[in-house]
Amino acid sequence: MQLHFSPSMRSITISSTNGFIDLMKIKVAARHISYRTLFHTILILAFLLPFVFILTALVTLEGVNKCSSFDCLGRRLGPKLLGRVDDSGRLVRDFYKILNEVKTGEIPADLKLPDSFEQLVVYMKDNPYDAKTFAFMLRGMMEKFEREIRESKFSELMNKHFAASSVPKGIHCMSLRLTDEYSSNAHARKQLPPPELLPLLSDNSHHHFILSTDNILAASVVVTSTVQSSLKPKKIVFHVITDKKTYAGMHSWFALNPANPAIVEVKGIHQFDWLTTENVPVLDALENESGIRNYYHGNHVAGANLSDTSPRKFASKLQARSPKYISLLNHIRIYIPELFPNLDKVVFLDDDVVIQRDLSPLWEIDLEGKVNGAVETCRGEDEWVMSKHFRNYFNFSHHLIAKHLDPDECAWAYGMNIFDLRAWRKTNIRETYHSWLRENLKSNLTMWKLGTLPPALIAFKGHVHPIDPSWHMLGLGYQNNTNIESVKKAAVIHYNGQSKPWLQIGFEHLRPFWTKCAKVHVDALEMMRQGCVLMRQGDAPKMCISLHLMRQLTRSHVSRMPRSSLDFTVRNPRSGALADLVICTRNPKSGALANSVTMYQKSLVMVLKLARSE
């Protein structure tokens, strides 16, 4: 098909392709404008209109986007050609302006704040709020939710602190059962270690570990994991130190569950002749001074301005006020050279560690004349554990701290430490430790807050030899996001922090590394699961306490009772209600309950009060 224009531009002929047949002939009327101009106009429109149509369609379908390149010109012009204007930028600017206005203004007292997003939508439908009122409502909702979240966080931290400071019922009852066993079972009282092995307790060719704890189950896990991981278990000697109230139960446990072929010695603090008030005057003050005891055992919220502190700082303060920090068991490591005068080199372990690798190479590490081989905690990136310097532990606004310490000095960790006792005995570490504890007491605990590590950081200053971090991995009681592969590779894993593996607040994915060692002791886990032992007489279940323990509680009054297998039923385990107190007589051979004599609750309470008053 061909298009022909006459020379005068007065007619247009449309013919077939070969030009022989005229399909149409159009005559153009008289013109008022130039035909040449009309031609050029039609030609230009023929090229432009398809592009404008396509671009306009695209913009209409996809919306108008910000675009600065030349090829987006149609997108920007299309909506204007169709009468559409993009007001989103202006709306955003206006909203920013309103938000800035309400940022410092007072929220109207009569403004009702919704409790959820759904309520906000309903309020906006039912009430024609202006933009400023809507902004005030958003601000009020945000502040309200922030307060609630903050209060919940502080409550969570307080509850976690109480949970971490308490003793689980199962562990407590386990200690009671073992203490009772110590009084009634000769095997539980046998000498540890046997007389023929006593010379090995001071034999420096063996590997000596020291563990200080009042947690029997935790101690068993530390000893068991060490022996199981060792390539030379026959050379292991454990010195377990505990307090007076736990000594009988701890001794019973290791007497009835020997860690063969290793040697275990159990000693109570009361059995060390060196630990006298004259030798540890500062620690005696720590345990008995009323202000100190109130600081660690008192109300941690009363008088505290929670609005001026962050949850993280509050958590650190709670941890620093753990009662364990005034226990002599926690400070005992500073007296190791005096308590074990015949030993040259020892490894001190905390009770919340698990050993996963043979530790005998630790005795081959050259400490280069230093006293303490420890992992430094300033070489990592995480803020909780491995990025600690002196400024994280001390108050550098105190003039003595600012004068003697460097805030950027690297800190190190307790939990797994190699101590060269020969080098230690040549230093004044213990005197320095006491001196700084005394200064902190004088300053009303304003020099540092967190337990036993800060005075040790000062006392061991210049006496620490860094060891490879793979020997000691920390933070399993702090961090939920601990790398599992790193845990598997570490020689010693340390559950330092509140989330101990034997507590319900422990991290579930990290607990198996501890329970795999505890599972060796099926009886202990069963006792923890069931709590105190249950006994039955007919259909009535009874929870009983042995006569030996009642003698300890009631002293002379109960001790006049005949020495037979007697128990006191205290509470109905099903209902939890207090029942009549029953003295149950057992058959010594079968263990069955025989005739019983009923006492009333008030009678025993009176006996207890009389006994305690004496």
Side-chain angles (χ1 to χ4, degrees), residues 204 206-213 218-219 222-223 225-226 229-230 236-241 324-325 327-340 343-379 385-386 388 390 393 409-427 429-430 432-433 450-477 490-497:
N204 284 295
H206 282 63
H207 298 152
H208 294 266
F209 294 88
I210 298 177
L211 172 65
S212 174
T213 179
V222 174
V223 173
S225 63
T226 305
S229 303
S230 176
I236 291 178
V237 179
F238 256 98
H239 306 268
V240 180
I241 306 173
K324 71 178 182 178
Y325 291 129
S327 167
L328 183 55
L329 278 177
N330 210 35
H331 292 266
I332 199 77
R333 67 195 89 194
I334 206 69
Y335 307 114
I336 290 177
E338 289 77 22
L339 301 182
F340 300 95
L343 297 183
D344 295 338
K345 200 171 190 179
V346 299
V347 169
F348 191 96
L349 298 173
D350 280 357
D351 64 357
D352 52 355
V353 303
V354 175
I355 314 304
Q356 302 187 126
R357 209 165 70 208
D358 179 37
L359 298 185
S360 56
L362 291 176
W363 273 262
E364 301 172 5
I365 295 177
D366 182 9
L367 298 183
E368 300 176 359
K370 304 295 185 181
V371 173
N372 180 5
V375 169
E376 291 183 322
T377 54
C378 64
R379 308 299 182 189
V385 181
M386 296 304 291
K388 300 292 187 181
F390 274 30
Y393 295 96
E409 186 166 347
C410 189
W412 48 269
Y414 267 149
M416 196 281 290
N417 303 85
I418 317 161
F419 291 129
D420 185 340
L421 301 186
R422 288 175 298 181
W424 191 338
R425 294 184 184 102
K426 300 175 184 178
T427 69
I429 289 175
R430 175 166 58 89
T432 305
Y433 189 89
L450 183 60
T452 56
L453 183 57
L457 291 175
I458 302 175
F460 284 100
K461 195 170 183 293
H463 299 290
V464 177
H465 177 78
I467 63 174
D468 192 285
S470 65
W471 282 111
H472 184 192
M473 181 177 183
L474 297 109
L476 275 70
V492 177
I493 55 175
H494 192 176
Y495 291 85
N496 59 313

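Just so it is clear, the model here is predicted, and its values are computed rather than measured. Computed from heavy atoms alone, side chains included, the values below leave out hydrogens, waters and symmetry copies.
- Closest of all the heavy-atom pairs between Ala456 and Tyr433 is N-CE1, 3.7 Å.
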**Request:** Under the side-chain contact (heavy atoms from CB on, under 4.5 Å) rule, what do Ile355 and Val492 come out as? Steps first, then yes or no, please.
**Result:** CA-CA 5 Å; Ile355 314 304; Val492 177; 3.7 Å; yes
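- Within the structure, the side chain to side chain donor-acceptor pair (under 3.5 Å) test picks out the following pairs touching residues 364-376 (sequence neighbours left out): Asn372-Asn417, Glu376-Arg379.
- Closest non-hydrogen pair, Gly369 versus Ala423, comes out as O-CB, 4.0 Å.
- Annotation: side chain of Phe348 is in contact with side chain of Ile336 (closest heavy-atom distance under 4.5 Å).
- Ring-plane geometry between Phe209 and Trp363 is classed as perpendicular, the angle between the planes exceeding 60 degrees on a 0 to 90 degree scale with a lower cut at 30.
- With contacts defined as side-chain heavy-atom distances shorter than 4.5 Å, the pair Tyr414/Asn496 does not qualify.
- Side chains of Glu409 and Leu457 form no contact here, defined as non-hydrogen atoms less than 4.5 Å apart.
- When side chains are defined from C-beta on, His463 counts as touching Thr427, because their heavy atoms get closer than 4.5 Å.
- Atom CD1 of Ile365 sits about 4.0 Å away from atom CD1 of Ile418, to the nearest 0.5 Å.
- Considering CG of Asn330 and OG1 of Thr452, their distance stands at 4.0 Å, rounded to 0.5 Å.
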**Message:** Let's go through Ile467 and Met416 carefully: what are the C-alpha distance in whole Å and the side-chain angles of both, what is the deciding distance for side-chain contact (heavy atoms from CB on, under 4.5 Å) to 0.1 Å, and is it a yes or a no?
**Reply:** CA-CA 11 Å; Ile467 63 174; Met416 196 281 290; 3.9 Å; yes
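- Leu421 has its side chain out of reach of Asp344: every pair of non-hydrogen atoms, C-beta onward, lies at least 4.5 Å apart.
- Inter-residue side-chain proximity for Thr213 and Leu329 is flagged as unmet; no heavy-atom pair is nearer than 4.5 Å.
- Proximity of Ile334 to Trp424: side-chain heavy atoms (C-beta onward) are separated by under 4.5 Å at one or more points.
- In summary, Arg333 and Asp350 engage in a salt bridge, as defined by a charged side-chain N under 4.0 Å from a carboxylate O.
- Ring orientation note: the planes of His472 and His494 are close to parallel, at an angle under 30° on the 30°/60° scale.
- Between Phe460 and Phe419, the ring-plane angle classifies as parallel under the 30° and 60° cut-offs.
- Note that Arg357 lies in the cation-pi zone of Trp471, set by a 6.0 Å cut-off to the ring centre and a 45° limit from the axis.
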**Request:** Go through the steps for Trp412 and Tyr393 under the test ring-ring contact (aromatic ring centres under 6.0 Å, His included), then give the verdict.
**Result:** CA-CA 11 Å; Trp412 48 269; Tyr393 295 96; 9.4 Å; no
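- Residue Phe238 holds its CZ atom at 12.5 Å from NE2 of His207, rounded to the nearest 0.5 Å.
- Side-chain contact between Ser230 and Asp358 is present, with at least one heavy-atom pair separated by less than 4.5 Å.
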